[in-house]
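Following: one structure in structure tokens, then a few remarks.
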Number of protein chains: 2
Amino acid sequence: MCVTIRDVARKAGVSIATVSYIINDKKQVTPETKKKVLDTIKELNYLPNYNARGLAKQKTNLIGILIPYWNTDQQTGIMFDNPFYSELVRGIERVTSKNNYHLLLVGSNQKPEIIHNLIVQRYLDGLIVIGAYSELLFYLKKTDLPFILVDSYLQDDTVYSVGIDDRYGGYIATKYLLESGHRRIGLLTGELLDNGVYMERFKGYRRALEEKGLRVDDKNIYETETSFRGGYEGVDKLLDQNNSLTGIFSTADIISVGVLKKLKEMEVSVPDDLSLISFDDNPFAEFLYPALTTINQSIIIKGSCAAKLLMDVINNKEIDEKKIKLPVKLIKRDSVRRI
Amino acid sequence: MCVTIRDVARKAGVSIATVSYIINDKKQVTPETKKKVLDTIKELNYLPNYNARGLAKQKTNLIGILIPYWNTDQQTGIMFDNPFYSELVRGIERVTSKNNYHLLLVGSNQKPEIIHNLIVQRYLDGLIVIGAYSELLFYLKKTDLPFILVDSYLQDDTVYSVGIDDRYGGYIATKYLLESGHRRIGLLTGELLDNGVYMERFKGYRRALEEKGLRVDDKNIYETETSFRGGYEGVDKLLDQNNSLTGIFSTADIISVGVLKKLKEMEVSVPDDLSLISFDDNPFAEFLYPALTTINQSIIIKGSCAAKLLMDVINNKEIDEKKIKLPVKLIKRDSVRRI
DNA sequence: AACAAATATTTAAACGTTTAACCAAAAAGG
DNA sequence: CCTTTTTGGTTAAACGTTTAAATATTTGTT
């Protein structure tokens with residue numbers, strides 16, 4: 001049905017091995033045969049079949065992306081941190097497509113068993129894992145498959161990973177609030193898991209406070225769902241715990257959206273009555289009212305870094321840094337007031 | 001390296017053909033051999049290799065998703081209608097994974113040539129195309145590959161597609177504004193392409209007006225980029241064209257975010273000074289302030305419908321409707337005022 | 001000119017499946 | 001009890017590549 005290497009060989013009057021060597025640039029051939037073959041390839045519009053190639057080479061040029069779907073709202077099926085993942089994928093795609101790799105998409109909340117099946121059945125060349133959980137990591141490490149962890153703080157130095165400096169981000173966010181004169185600073189955060197980004201951001205918050213000689217107070221902290229709703233409902237609870245707060249560090253822009261909405265309903269003005277600093281600098285952060293003062297991270301760069309790293313690992317390149325930490329910076333907009 | 005069908009056959013004491021027939025459920029075998037083979041499969045943890053299978057069967061259980069990246073901001077690389085696509089993919093994944101298909105992700109703004117390569121090199125079983133352009137459609141039709149168009153109004157009845165009733169959505173949105181007493185209704189819309197959803201929404205807008213005996217006035221319409229910024233800058237321009245508007249129909253929630261922000265800066269209150277109705281009912285629509293009155297579409301269902309349809313086409317099932325139009329409904333929230 | 005060395009090309013096996021065609025044994029028909 | 005049919009299983013070719021090993025051709029050396 002499709003044109004095969006055999007067709008090319010026949011038409012060019014050479015053996016299929018020659019054609020193969022030429023397209024893989026593996027052995028010397030006389031310039032004339034090379035030209036002849038290349039011409040017929042073009043003429044017949046020949047494209048090597050990846051299935052066959054994968055079989056023969058044990059290399060498929062296929063890499064898997066594991067994306068967590070667990071943040072999906074169970075009732076509505078709506079994903080929360082949505083924009084985040086798409087951008088990440090986009091960043092990944094940008095470099096993989098340049099290197100002739102294709103992307104296979106899978107939900108990473110699947111059991112390791114499912115992931116395992118995928119890997120062996122499809123002969124993946126590598127994996128980019130977003131939001132790994134320890135059981136999955138445990139499995140992957142037994143494998144000899146190259147993989148990159150994105151945004152994971154699973155304690156394992158033997159493993160490649162890329163992320164941002166969440167702790168420093170939390171630190172400068174809180175510090176900015178402190179420098180603006182705030183002392184009673186609340187933390188509205190996503191789930192504080194041991195290996196999660198929110199824990200790191202919290203640690204930054206804590207450090208900033210402690211540097212100022214302030215103590216972290218439990219009643220200034222509320223843990224909520226990383227979602228619009230989580231922010232909407234959470235800020236209420238947080239304020240219940242301590243209504244003398246003058247500033248809030250919300251550890252995700254997504255949360256901040258809900259916060260802003262609730263505060264408007266409560267007629268507390270941001271930043272006049274209450275300052276809000278956020279994290280992520282999602283595309284919409286600038287377009288909220290007030291525009292969010294927030295910690296910027298480039299998700300797309302995170303994606304492309306991860307992909308680049310994976311390509312290097314696959315190609316056995318020398319890697320100088322197993323763990324890449326991308327920088328983070330404070331974006332001052334309108335949601336924080338000096339007092 | 002991996003365990004193959006040969007290993008299973010040897011251990012079970014049968015030929016590889018028998019094993020193959022059993023796992024494909026293709027021929028009668030005695031219950032005992034079946035059990036014996038199935039047991040060894042489990043014991044050895046055998047999983048058939050999709051590359052080899054794809055080669056032999058000319059069927060890969062791989063389907064491609066073409067996602068448009070053209071809405072990406074050229075400077076920042078940030079995607080606009082982001083949340084939208086992720087949800088769509090999620091909906092697709094939900095059904096394909098159940099049917100043992102895997103998803104290959106590609107940018108659909110690629111030239112048909114790239115898509116072509118992908119199809120023949122990977123032997124895809126089918127394609128879900130989001131935001132097709134006519135050149136691509138032209139190419140795909142020459143192919144005998146099953147494909148489903150999502151959100152496309154390319155005029156072609158021979159082709160499978162799923163979308164929502166954009167025109168009706170535009171109609172009820174506008175009608176609601178009319179029923180609320182508005183007469184000077186602006187349209188702030190994404191690019192009005194012949195085959196695009198925004199054109200359809202516009203047609204709904206027009207019909208509603210005409211039913212009321214009102215004429216569409218060019219100075220009430222402004223075409224802008226489908227993005228936060230597009231809304232932010234667009235609403236200004238629209239109001240410049242006609243500052244006596246009492247209501248605006250913004251054809252995408254994404255646009256509305258920017259609109260809301262700009263209006264707040266201009267100190268025009270929504271809905272007191274100006275009513276706003278929107279389209280999409282993105283997850284955040286409810287959490288803006290004011291909460292958006294908008295036209296709801298279930299993107300995740302759109303995705304799963306497309307996938308289901310594709311599965312049916314691939315399996316040569318009888319299809320009664322080539323074009324699926326999902327319903328749309330008005331969600332009344334706080335951004336429209338009766339006058 | 002003869003031989004060795006280097007270079008260019010081909011042959012054939014392998015990758016892990018599926019499946020048409022074939023065969024043996026058991027069941028059914030007369 | 002012999003022949004036909006059915007059932008259960010095997011053999012071997014095919015899918016489209018790669019690649020080690022073998023072979024043929026050219027180039028270089030003496």
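Proteins come first, then strands; the chains are lettered A, B, ... in the order of their sequence lines, and each starts at number 1. Just so we're clear, the structure is a prediction, and the values are computed from it rather than from any experiment.
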- Tell me: CG of A/Asn61 to P of D/dT18, nearest whole Å? 11 Å
- Any A/Thr18 side-chain N or O less than 4.0 Å from OP1/OP2 of C/dT10: yes
- Once you round it to whole Å, what is the distance between C1' of D/dG8 and NZ of B/Lys34? 13 Å
- With sugar-phosphate meaning primed atoms plus P, OP1 and OP2, does A/Tyr50 contact a base, only sugar-phosphate, or nothing at under 4.0 Å between heavy atoms? nothing
- Side-chain N,O (A/Asn24) to OP1/OP2 (D/dT18) below 4.0 Å: yes
- Query: Can you list the steps and then say if A/Lys308 with A/Asp312 is a salt bridge (Lys or Arg N to Asp or Glu O under 4.0 Å)?
  - Reply: CA-CA 6 Å; A/Lys308 234 173 276 167; A/Asp312 285 350; over 6 Å; no
- Would you indicate which nucleotide in C/dT18, C/dT19, C/dC15 comes nearest to any side-chain atom of A/Ala56? C/dC15
- Query: Separation of B/Ile5 atom CD1 from D/dT10 atom P, in whole Å?
  - Reply: 12 Å
- Message: D/dG9, OP1 or OP2 - any side-chain N/O from B/Ser15 closer than 4.0 Å?
- Response: no
- Indicate whether OP1 or OP2 belonging to D/dG16 is found under 4.0 Å from a side-chain N or O atom of A/Thr4. no
- Task: Apply salt bridge (Lys or Arg N to Asp or Glu O under 4.0 Å) to A/Arg10 and A/Asp7, showing your working.
- Result: CA-CA 5 Å; A/Arg10 192 179 319 118; A/Asp7 302 322; 3.8 Å; yes
- OP1 or OP2 of D/dT19 under 4.0 Å from side-chain N/O of A/Lys26: yes
- Task: Consider the side chain of B/Lys27, meaning its heavy atoms from C-beta on, and name the nucleotide among C/dT9, D/dG16, D/dG9 that approaches it most closely.
- Result: D/dG9
- Note on the structure: When every non-hydrogen atom of B/Cys2 is compared with those of A/Val120, the smallest separation belongs to SG-CB, 4.4 Å
- Rounded distance (Å) that lies between atom P of D/dG16 and atom OH of A/Tyr123: 20 Å
- Item | Spacing between B/Ile16 atom CD1 and C/dA20 atom P, to the nearest angstrom | 15 Å
- Message: Taking NZ in A/Lys98 as the centre, count heavy atoms belonging to other residues, nucleotides or ligands within less than 6.0 Å. Is the count above 12?
- Response: no
- Query: Can you tell which of C/dT17, D/dA22, D/dT11 lies closest to the side chain of B/Ala17?
  - Reply: D/dT11
- Query: Side chain of A/Tyr21: nearest nucleotide among D/dA21, C/dT17, C/dT19?
  - Reply: D/dA21
- Sorted by position of nearest nucleotide on DNA chain D, 5' first, the leading residue of B/Ala52 and B/Thr30 is B/Thr30
- Give the rounded distance in Å between these two atoms: CD of B/Glu32 and P of D/dG9. 8 Å
- Phosphate OP1/OP2 of D/dC15: any B/Gln58 side-chain N/O under 4.0 Å: no
- Minimal heavy-atom distance between A/Thr96 and A/Ala307, with the atoms involved, is CG2-CB, 4.2 Å
- Message: Rounded to whole Å, please give me the gap between NZ in B/Lys57 and P in C/dA20.
- Response: 12 Å
- Message: Please report the distance, rounded to the nearest Å, between CG in B/Leu55 and C1' in D/dC15.
- Response: 4 Å
- Using only side-chain N and O atoms of B/Thr33, determine if any of them is under 4.0 Å from OP1 or OP2 of D/dG9. yes
- For B/Leu47, report the nucleic acid contact type (base, sugar-phosphate, nothing); a contact means any heavy atom under 4.0 Å. sugar-phosphate
- Between B/Glu87 and B/Arg90, does a salt bridge (Lys or Arg N to Asp or Glu O under 4.0 Å) hold up when you go through it step by step? CA-CA 5 Å; B/Glu87 264 185 74; B/Arg90 172 81 182 110; over 6 Å; no
- Item | C/dT18 OP1/OP2 closer than 4.0 Å to side-chain N/O of B/Arg53 | yes
- Establish, with yes or no, whether the OP1 or OP2 oxygen of C/dT17 is under 4.0 angstrom from a side-chain nitrogen or oxygen of B/Tyr46. yes
